[in-house]
Amino acid sequence: MADAAKKAIAYLYSRQRADGAWTDRLSSSTVSTALGLLSLARADDKAHRDRIERGLEWLKRNQRADGGWSMADDDPPSSPGMTSFAIAALYGLDRDGSAELIERGKQFIEGNGGYTVIPGMRDKGPKTWPAAAPIAWSLVGLKDVSEQPPQAVEAILLPSWLRNKVSIALPAILALGIMQARARTSSFPRRLLQRLAEPKALAWLRSALGPNGGVEECAMLSALIFLGLHSAGVGEDIQQASLKYLLDNQREDGSWPIDRDLEIAVTCYTVLALAEFGDTADEPRLRPTRDFLLSTQWTTPFTPLNIPAGGWSWNVPSGWPESEDTAVVLSTLKLLGLTESHPAVADGLRWLRSRQNRDGSWSEWVRNSSLLNDKPCVGVTAHVIMALEQHGGPHGPRTPIGKALRYFERVQQPDGASPSLWFRDSVHGTAKLLETYAELGAVSDPAAVRAREWLLANQRPDGAWPLTVEVGVEGGTVEETAWALYSLLRAGVPASDDAIVRAVKWLVGKQNTDGTWTPSPVGLYFEDLCYSDDLIAHSYALRALGRWLTCAGHPGTPA
């Protein structure tokens, strides 16, 4: 076990950047690639022909044996929604040459629930975000423009506290709404509202652009913004910024990931793992890491969503400040020797306390939202509680921590499971809830006991997690096994316990010869889009092994 950890630590340091941070690899995405290629073709098909051809080859190469396309790279399972985006790109850019592939893709959709399972493609399902597939189909002639799910550019005229509840989807809704306002017939009152809304929407989009032209470091969003505004013939400066972002971030194989990377997040996860093996505050190789994290704090408000200064994002420069990564950064800075007396830490803690929802939870961006992927989340709330606790936050019933624990009690399912918004199914949320109670020294709390029992009852016979799968690939994964193993050890399950030993052996058995672990698509953007991340898998596996070595009486062994 010690040798496995030693190889994993050596690999991590080999990946460290000169500025002290780490860059991960997010899986390539069918939806980002399809929309990116359509954008390049609309911008200048001849000038970008080589890029388009490489992207088309990626799509063709990644069609799975069943005719579908996956949510992440070519990992199973195939997805009807992702398949619909691939069909749109192939039909729009290589109709004759890809006719067989397109037909196989359609057959896959029809044999796996049909078009009604794809948001917005038929009468069932949501008509707004993430119902972008029928919009892509209409752009290439597979559907009429009148069949596009409506995107209301008039949302920009609502009070900011109300429109901001749309949160991370608002950039695409505004850009596509401008397109629809110019392409679809509306009543006179609505046309008047749309006319009033367009300049305000364009101004909002300009304010949301990062200095690299990106929005949320998300190629999918940049493509949707470009396609909407290009079709409408407006916002040339925004179009060019979005196009530049796409050109700068296309991979050599022609694909795009859903986000460029999670550099701030995975840098923190790496430090959390290394802290299991020694004092990270005195590690010379991590001094620039601390400086990097301090340099990425938002010192000015994020005006598009009225978010105050003081938070952190998942990456820079066009990521948006949000609760989970702010909390994880604060936990990491504590391990790197900074306390609540440091101005940046004090500002971050103040920021976190100001973002708590009325129900005691935390969402990512918008307070008290219940829409889309920006609503109360067990995983996000867990990270915030732990950060507050590590920096001396009080525990009383009226404190932020006390209110959050009551939220945990209300949302935990009777069997002990606690689903997490940003990772599939229930292992992540349940493990994070248990880890939180362990951090608070409250593992005998009924909620913690239920979480521990659920994790133990839902281990696979081979030692991995999860036992059953609702979203994505079947079988055990490194990420979910590491989350569960770490939290159980933190909660006091002995290192010699059979469940623990089986999990450790499974993790070590899955390590690659170079010291890494293969990631799985367990990250969840929304119901039809998962992703994998190499450093999430690697750092959490290493963290779990480090905790086991400590609990087994071998603390700090690899160092």
Side-chain angles (χ1 to χ4, degrees), residues 165 322-328 330-331 349 351-459 465-468 470-471 480 483-493 499 524:
K165 290 183 181 294
E322 38 82 28
S323 298
E324 183 166 26
D325 286 307
T326 298
V328 176
L330 290 170
S331 294
L349 292 169
W351 188 92
L352 276 182
R353 290 191 293 267
S354 75
R355 307 307 294 168
Q356 189 170 26
N357 295 323
R358 283 191 296 267
D359 67 359
S361 68
W362 274 265
S363 308
E364 288 288 31
W365 296 276
V366 178
R367 293 181 64 247
N368 303 316
S369 175
S370 60
L371 301 175
L372 307 169
N373 271 24
D374 197 6
K375 56 187 178 182
C377 175
V378 167
V380 173
T381 302
H383 279 294
V384 175
I385 296 174
M386 288 189 279
L388 295 177
E389 162 67 15
Q390 290 154 3
H391 287 281
H395 293 191
R398 296 181 180 274
T399 66
I401 291 177
K403 294 175 182 177
L405 293 179
R406 291 198 296 277
Y407 161 77
F408 277 171
E409 293 166 2
R410 289 194 302 273
V411 301
Q412 188 180 40
Q413 296 175 356
D415 63 357
S418 295
S420 179
L421 189 64
W422 291 97
F423 291 95
R424 68 174 190 174
D425 300 338
S426 296
V427 172
H428 177 265
T430 307
K432 287 297 175 183
L433 182 147
L434 181 57
E435 182 185 341
T436 301
Y437 280 99
E439 186 71 43
L440 297 172
V443 294
S444 61
D445 186 279
V449 172
R450 287 192 295 269
R452 182 174 67 246
E453 290 176 348
W454 186 89
L455 287 171
L456 291 171
N458 283 272
Q459 186 180 27
W465 279 267
L467 178 62
T468 59
E470 294 180 12
V471 178
E480 288 158 302
W483 291 326
L485 173 59
Y486 181 81
S487 69
L488 289 169
L489 288 167
R490 286 291 308 272
V493 179
L524 189 62

Who are the side chain to side chain contact (heavy atoms under 4.5 Å, CB included) partners of Ser363, not counting sequence neighbours?
Asn357, Asp374, Pro376
Using the six-membered ring wherever Trp is involved, compare the ring planes of Trp365 and Trp422 and label them parallel, tilted or perpendicular (cut-offs 30° and 60°).
perpendicular
Please list, one pair per line, the donor and acceptor atoms closer than 3.5 Å that link side chains of residues 441-452 to other protein atoms, with sequence neighbours excluded.
from   : atom 1 : to     : atom 2 : distance (Å)
Asp445 : OD1    : Ala447 : N      : 2.9
Arg450 : NE     : Gln412 : OE1    : 2.9
Arg450 : NH2    : Gln412 : OE1    : 3.0

Residues two or more places apart in sequence or in another chain: which of them pass ring-ring contact (aromatic ring centres under 6.0 Å, His included) with Trp351?
none
Trp465 and Ala484: which non-hydrogen atoms are nearest, and at how many Å?
CD2-CB, 3.4 Å
Could you work out, with salt bridge (Lys or Arg N to Asp or Glu O under 4.0 Å) as the rule, every residue matching Arg424, not counting sequence neighbours?
Glu480
According to the side-chain hydrogen bond (donor to acceptor under 3.5 Å, both in side chains) rule, which pairs have a member within residues 395-406, sequence neighbours left out?
Glu389-His395
Partner residues of Pro419 under the side chain to side chain contact (heavy atoms under 4.5 Å, CB included) criterion, sequence neighbours left out
Gln413, Ser426
Mind checking ring-ring contact (aromatic ring centres under 6.0 Å, His included) for Phe423 and listing every partner two or more places apart, or none if nothing turns up?
His428, Trp483
Selection residues 355-368 - residue pairs positive for salt bridge (charged side-chain N to carboxylate O under 4.0 Å, His left out), sequence neighbours left out
none
Between Leu455 and Ala431 the two heavy atoms that sit nearest each other are CD1-CA, 4.0 Å
Qualifying residues under side chain to side chain contact (heavy atoms under 4.5 Å, CB included), relative to Ala387, sequence neighbours excluded:
Ala327, Leu330, Ser331, Leu352
For the student: nearest non-hydrogen atoms of Trp362 and Ala404, plus distance
CZ3-CB, 3.8 Å
Please give me the minimum heavy-atom distance between Val378 and Ser418, naming the atom from each residue.
CG1-CB, 4.0 Å
Step-by-step side chain to side chain contact (heavy atoms under 4.5 Å, CB included) determination, Cys377 to Ser420
CA-CA 6 Å; Cys377 175; Ser420 179; 3.8 Å; yes
How far apart are the C-alpha atoms of Leu405 and Ile385, what are their side-chain angles, what is the distance that settles it, and do they pass the side chain to side chain contact (heavy atoms under 4.5 Å, CB included) test?
CA-CA 9 Å; Leu405 293 179; Ile385 296 174; 4.2 Å; yes
Which atom pair, heavy atoms only, marks the closest approach of Leu434 to Ala491?
CD1-CB, 3.7 Å
Residue pairs meeting salt bridge (charged side-chain N to carboxylate O under 4.0 Å, His left out), one or both in residues 429-441, sequence neighbours left out, come to Lys432-Glu435, Glu435-Arg543, Glu439-Arg490
Closest contact, heavy atoms only, Leu456 versus Ala499:
CD2-CB, 3.8 Å
